[in-house]
Amino acid sequence: MRLVVDLNRCQGYAQCAFLAPEVFTMHGEESLVYSPWAGDEHREKAARAVAACPVQAITADGLADPADAPAGAGRVASDAR
Amino acid sequence: MPAEQFHEWLRREGRIVVVGASLAGLRAAETLRAEGFTGSLTMIGDEPYEPYDRPPLSKAVLLGMSAPDRTDLPRRREIDATWRLGVAATGLDLAAHRVRLADGDEVPYDRLLIATGVRARPWPREEEAQLDGVFTLRTRDDAVRLHRRLKAGPRRVFVIGAGFTGSEIASACRHQGIAVTVAERADAPLVGALGGVIGSVAAELHRDNGVDLRTGVMVTGLEGDSVGRVRAAHLSDGSVVDTDVVVVSLGATRNTEWLADSGLGAGPRGIACDAGCRAFDFRGIVTDDVYVAGDVARSPHALFGYQFLSLEHWGNAVAQAEVAAHNMISASADRRPHLWVPAFWSAQFGVNIKSVGVPTMGEEIMITQGSLAERRFVGVYGYRGRVIAAVSFDNTRWLEFYEGQIERGAPFPVEYPTMDRRPEGRKPVPADFPDPSLPTHGATVTLSGYSPADRRLVFTPARH
Ligand SMILES: Cc1cc2nc3c(=O)[nH]c(=O)nc-3n(C[C@H](O)[C@H](O)[C@H](O)COP(=O)(O)OP(=O)(O)OC[C@H]3O[C@@H](n4cnc5c(N)ncnc54)[C@H](O)[C@@H]3O)c2cc1C
Ligand code: SF4
């Protein structure tokens with residue numbers, strides 16, 4: 001699963017790091033560093049993080065099970081501020 | 001064909017070609033489809049990869065949180081495009097509406113988007129740049145090579161240039177316990193982008209994290225051993241630093257050479273376009289079928305005196321691509337201006353650095369919240385009595401407020417009370433930018449004049 005965080009928009013609330021620490025971690029107090037690729041084993045957690053971000057800064061694809069969703073479905077966040 | 005019918009036809013069966021298959025190109029393609037474009041879409045990119053994200057290359061990748069070849073951008077939607085990857089566009093025929101490719105092919109278009117971005121400026125001495133162990137960091141291939149070398153445990157990494165990328169690389173090395181020397185021509189890191197007041201905080205950050213920071217020096221040469229591996233760097237103060245990995249972080253060059261004879265207003269500062277992302281030709285006349293977005297664009301901005309701005313900002317690439325795509329398939333009355341307020345972030349040494357507006361225009365700065373000594377603050381830049389930019393260190397949540405101030409042209413100095421104002425923040429001080437006529441490799445926003453054909457300000461490579 002590919003993901004990207006709009007770090008202009010991210011407020012460093014760390015919800016994502018709490019929900020999917022394998023993918024998102026805080027460096028220092030409010031600096032988010034994340035892995036742009038999450039393996040299947042982390043998909044569910046990552047999806048929860050995407051949904052929980054209070055400013056919808058995370059865009060991901062392949063969120064839903066590919067079998068029952070059209071490709072590219074998932075949260076479509078506008079990256080523009 | 002009347003204009004209205006033309007746009008209807010264009011949306012239905014027109015041919016749109018995008019040159020540059022990276023962030024701006026991809027987001028433009030997605031926007032075109034989202035807005036109902038059903039014609040043919042061709043994505044031309046000289047890198048052999050589908051669009052990937054670059055910011056993680058100097059952060060998550062070097063910190064070991066991500067493989068260098070696993071930063072592909074997620075898709076917002078299907079774009080149903082023909083991909084021509086691994087082949088460069090080599091020419092443009094404006095009259096015939098055709099893009100020439102390196103493999104001899106020609107691709108016709110009804111609308112063209114140019115999003116060819118920038119590339120890393122190499123070490124100017126070619127023989128030294130060829131030495132094994134000398135790297136730049138812009139592409140996935142660069143990241144794969146550098147990552148491999150850092151994992152092998154070098155004795156010392158030598159970073160030339162303390163702009164954002166150079167500082168992030170130094171930070172990642174220190175995080176893994178690798179010895180790092182950083183050489184910077186200015187008096188401190190980030191000076192070109194944020195000025196000397198903030199630069200001195202950045203210098204402390206480097207030093208407190210164990211970086212051997214050398215400022216006010218130039219690198220005069222790189223020395224190789226008998227088998228062509230880099231061995232040492234020589235500095236203008238006479239010192240020699242033993243090293244086995246050198247990362248050249250001297251900023252970027254615009255990818256416009258392929259347009260040299262096209263008649264477009266393209267040069268070393270980028271491709272000039274109007275606020276609606278339409279490219280100017282070299283006479284300063286705006287085209288209506290060629291659009292520009294992302295790092296390669298320079299466009300006038302109402303908030304900043306209609307100067308042309310060249311922005312090397314991730315957020316700008318996204319926002320400008322969306323506007324360009326919308327305008328490409330819309331009649332003139334429905335077009336939108338690209339009025340995005342510049343915004344940038346960097347993560348280094350565990351500190352979240354963000355800016356909004358155009359700091360390089362700032363004459364003065366005042367620390368309106370927090371304190372420099374604590375490295376948690378907001379600095380506000382003033383230009384001719386108004387707020388022109390703001391920078392935050394670990395104080396993100398306030399930036400949106402200052403963005404509003406910039407948009408409103410709010411007065412500077414900031415007189416109203418602010419949260420956590422300290423005595424040091426009562427008065428503005430000079431922002432301390434280097435002489436603007438001396439180009440710097442550290443700036444991520446470049447003011448590039450008032451005219452689309454302005455070539456007076458030639459961007460000469462920073463001689464280190
Ligand atoms: C290491 C690194 C860290 C960064 N960190 C940050 C950050 O923290 N915050 C931030 O705001 N920004 C950051 N950036 C900047 C951000 O990545 C860019 O602003 C963004 O990539 C611009 O996107 P673009 O599509 O305009 O250009 P690019 O990403 O440069 O893409 C242009 C593409 O066009 C291709 N191309 C060029 N010429 C041709 C041709 N003739 N034919 C075909 N294809 C061609 C190029 O090879 C490239 O693939 C960083 C950049 C790097 C390299
Ligand atoms: S939850 Fe959202 S705002 Fe918070 S750190 Fe993660 S991406 Fe940033």
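Chain letters run A, B, ... following the sequence lines, proteins first, then strands; residues in each count from 1.
B/R397 CZ: 12 or fewer foreign heavy atoms inside a 6.0 Å radius. The number of heavy-atom neighbours closer than 6.0 Å to CD of B/Q176, taken from other residues, nucleotides and ligands shown, is above 12. In the displayed structure, B/F401 atom CZ is contacted under 6.0 Å by more than 12 heavy atoms of other residues, nucleotides or ligands.
Between A/P36 and the options B/P74, B/P56, B/P55, a side chain to side chain contact (heavy atoms under 4.5 Å, CB included) holds for only B/P56.
The closest side-chain donor-acceptor pair between B/T396 and A/Q11, if any, does not fall under 3.5 angstrom.
Counting heavy-atom pairs closer than 4.5 Å to chain B, the top-ranked of the candidates A/G28, A/S31, A/G12 is A/S31.
When side chains are defined from C-beta on, A/V4 counts as touching B/W314, because their heavy atoms get closer than 4.5 Å. Side chains of A/H27 and B/H175 form a contact here, defined as non-hydrogen atoms less than 4.5 Å apart. Residues B/R70 and A/R2 form no side-chain contact, since every pair of their non-hydrogen atoms from C-beta on lies 4.5 Å or further apart.
The line from CG of A/L32 to CH2 of B/W345 is 10.5 Å long, rounded to the nearest 0.5 Å. Rounded to the nearest 0.5 Å, atoms CD (A/E30) and CG (B/D394) are 4.5 Å apart. With rounding to the nearest 0.5 Å, the separation of NZ in B/K354 from CG in A/L7 is 6.5 Å. With rounding to the nearest 0.5 Å, the separation of SG in A/C10 from CG in B/N352 is 7.0 Å. A distance of 3.5 Å separates OG1 of A/T25 from CE of B/M65, quoted to the nearest 0.5 Å. Of the inter-residue distances, the one linking B/T71 atom OG1 with A/W37 atom CH2 reads 13.0 Å to the nearest 0.5 angstrom.
Looking at B/L63, the atoms closer than 4.5 Å to chain A (heavy atoms on both sides) all sit in the side chain, from C-beta outward. Looking at B/F349, neither its backbone nor its side chain comes within 4.5 Å of chain A, counting heavy atoms on both sides. Looking at B/N316, neither its backbone nor its side chain comes within 4.5 Å of chain A, counting heavy atoms on both sides.
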